[in-house]
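Scroll down for the structure; my scribbles are underneath it.
Atom set for the values below is all heavy atoms of this structure, side chains included, hydrogens, waters and symmetry mates excluded. Only a predicted model underlies this, so the values are computations on that prediction, with no experimental measurement involved.
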Amino acid sequence: METLDLSKFPEITLPKFSKVKQNFGKEKIEDIEGEVRKKVAPFLNDLTGKRIAVGVGSRGVANIAKIAKTVVDSLKEAGAKPFIIPVMGSHGGATPEGQAEVLASYGITEKTMGVEIDASVDTETIGEYEPGLPIFVAKSALAADGIVIIPRVKPHTCFRGKVESGICKMLVIGLGKQRGAESVHSEGFGRFAELIPGVGCMIAERTKFLFAVATVENAYDETCRIEVVPRNDVLTLDREMALLEESKEKMAKILIPKFDLLIIEQVGKNISGDGQDPNVTGLFFTKYKRCAILDVTDESHGNANGVGVADVTTRKLFDKIDFRVMYTNCFTSTEIAPGKIPMVAATTEDAIRIAVKMCNGIKNGDHKIVWIKNTMEIGEIMVSDTLLEEVKANPKLEIITEPEEMKFDKGEPLFNWE
């Protein structure tokens, strides 16, 4: 695969960069196990001998292995017989092996959890939400005596509603496996504000759903709240709505309001459903002209969903794509844009220079650039020296390093985020 020869464009120059700290609220839970045990304790009555399906998803939820293990242990101590099921829709290529592999990448295995993992993707319908819209739920969950899920509550990447990503969405999309996710996605994101709470409540009501161990994270992707939301409270939506508002208030954002080019070091399904979270990057409103995405996380297992928002990417990322896995995700969600392939550059340096060249109407060397590791880790970012006056004017931003030229070795930056 041949790419552009940028030696023919020597006039494309890059500005100097400084590392900048973004300051957000740092409230977090120090004793994760203790908090989980305290919160689930009131909901562990009358479980002796009952098989409880514990649903764990595919997102990079903070402390997920620790939370899952504590939930499982608490259920065991109450006399229950818990087992874990992946609740991740079509992720992991919509195969049992792929979904088990996703869990394993988070440290969730039969050995570490001390219980069986049933990764079957078989489903049954529990009825229709409306004529022609069947609702599917994992057979493994329906066969259990009770269902518990562990969702993170946060704004969704593609729609706005009373509830977005969280309890109801995990019940609808996650617990539905590929068939359930595909059925609801067939209606399009335009109906999600209605369908996610509506179908979520239907599933909670018609199954043996017990409770959700819901988390909220701060701007540094640390667990700052753990709440157990029982079935009746899920049906009213009030608790999840309150958790969503809290998540919005604490969510990290790029604190620079306007710039020309956004460089994203990594995308990944463990980072966001869209690979990158548009709530963080600002894709819900125009604040930059171009975007370059450089790599995909290993935890994504070849699913580079989200690269489609970029104008330029790298051969490094392209070579990691498992098109079967990525296209299964796109096919299920009926959203193909995140899986489209942008211009592919030979190296990171070439990708950045191409993206700079495509920012029209800006004098060479005057480009305003923000470079982030990913949308989960933006406590520290890189900014071009052309943005430093704006940084100095913002009390929440702090310059860590003096401006330096970005050095490359064989086209890859000699820079470490640590």
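In this structure, the side chains of Ile32 and Thr223 come closer than 4.5 Å at one or more pairs of heavy atoms. Side-chain contact between Ile150 and Val71 is present, with heavy atoms from C-beta onward closer than 4.5 Å. With a 4.5 Å cut-off on side-chain heavy atoms, Ile117 and Ile108 count as touching. Looking at heavy atoms from C-beta onward, Glu240 lies in side-chain contact with Cys168 at the 4.5 angstrom threshold. You'll find the side chain of Tyr106 reaches within 4.5 Å of the side chain of Asn270, heavy atoms only. At a threshold of 4.5 Å between non-hydrogen side-chain atoms, the residues Gln22 and Glu380 do not count as touching. Counting heavy atoms from C-beta on, the side chains of Asp73 and Arg37 come closer than 4.5 Å. Put simply, the side chain of Thr95 does not reach to within 4.5 Å of the side chain of Val121, judged on heavy atoms.
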Check step by step if side chain to side chain donor-acceptor pair (under 3.5 Å) holds for Asp366 and Thr386.
-> CA-CA 6 Å; Asp366 286 349; Thr386 49; over 6 Å; no

In sequence, state the C-alpha distance, the side-chain angles, and the governing distance for Asn329 and Lys269, and then conclude on side chain to side chain donor-acceptor pair (under 3.5 Å).
-> CA-CA 10 Å; Asn329 192 180; Lys269 294 300 290 186; 2.8 Å; yes

Audit row: Lys177, Gln99, side chain to side chain donor-acceptor pair (under 3.5 Å) steps and yes/no = CA-CA 10 Å; Lys177 301 289 185 174; Gln99 298 205 339; 3.1 Å; yes

Test side-chain contact (heavy atoms from CB on, under 4.5 Å) on Leu75 and Leu44 and set out the steps.
-> CA-CA 7 Å; Leu75 287 166; Leu44 299 178; 3.8 Å; yes

Given Cys330 and Asn305, is the side-chain contact (heavy atoms from CB on, under 4.5 Å) satisfied, shown in steps?
-> CA-CA 8 Å; Cys330 292; Asn305 199 333; 4.3 Å; yes

Stepwise side-chain contact (heavy atoms from CB on, under 4.5 Å) test for Asn23 and Leu397 = CA-CA 6 Å; Asn23 293 299; Leu397 297 176; over 6 Å; no

Show your reasoning for whether side-chain contact (heavy atoms from CB on, under 4.5 Å) applies to Thr112 and Lys69.
-> CA-CA 8 Å; Thr112 59; Lys69 182 68 164 65; over 6 Å; no

Thr70 and Glu33: CA distance, side-chain angles, deciding distance, side chain to side chain donor-acceptor pair (under 3.5 Å) verdict = CA-CA 6 Å; Thr70 308; Glu33 294 98 330; 5.2 Å; no

Starting from the C-alpha separation in whole Å, work towards a yes-or-no answer on salt bridge (Lys or Arg N to Asp or Glu O under 4.0 Å) for Lys250 and Glu217.
-> CA-CA 7 Å; Lys250 294 181 175 178; Glu217 295 175 9; over 6 Å; no

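Annotation: Lys76, atom NZ; neighbour count of heavy atoms from other residues, nucleotides and ligands within 6.0 Å is above 12. Under a cut-off of 6.0 angstrom, the local environment of CZ in Arg179 is sparse, with at most 12 non-hydrogen atoms contributed by other residues, nucleotides or ligands.
Here the straight-line distance linking atom CG of Asn218 with atom NZ of Lys28 works out to 8.0 Å at 0.5 Å rounding.
Relative to the six-membered ring of Phe211, Arg231 misses at least one condition, a distance below 6.0 Å or an angle of at most 45° to the axis.
Ring pair His185/Phe192 is tilted by interplanar angle, where 30° to 60° counts as tilted. The aromatic rings of Phe24 and Tyr220 sit perpendicular, their planes meeting at an angle over 60°, well past the 30° parallel limit.
Aromatic ring centres of Tyr327 and Phe331 lie farther apart than the 6.0 Å criterion allows.
Looking only at distances, no side-chain donor or acceptor of Asn63 sits under 3.5 Å from a matching main-chain atom of Lys66.
Taking Lys21 as the reference, nothing meets the salt bridge (Lys or Arg N to Asp or Glu O under 4.0 Å) condition, with sequence neighbours excluded.
Judged as a side-chain hydrogen bond (donor to acceptor under 3.5 Å, both in side chains), the pairs with a partner in residues 390-411 (not counting sequence neighbours) are, in order, Lys368-Glu390.
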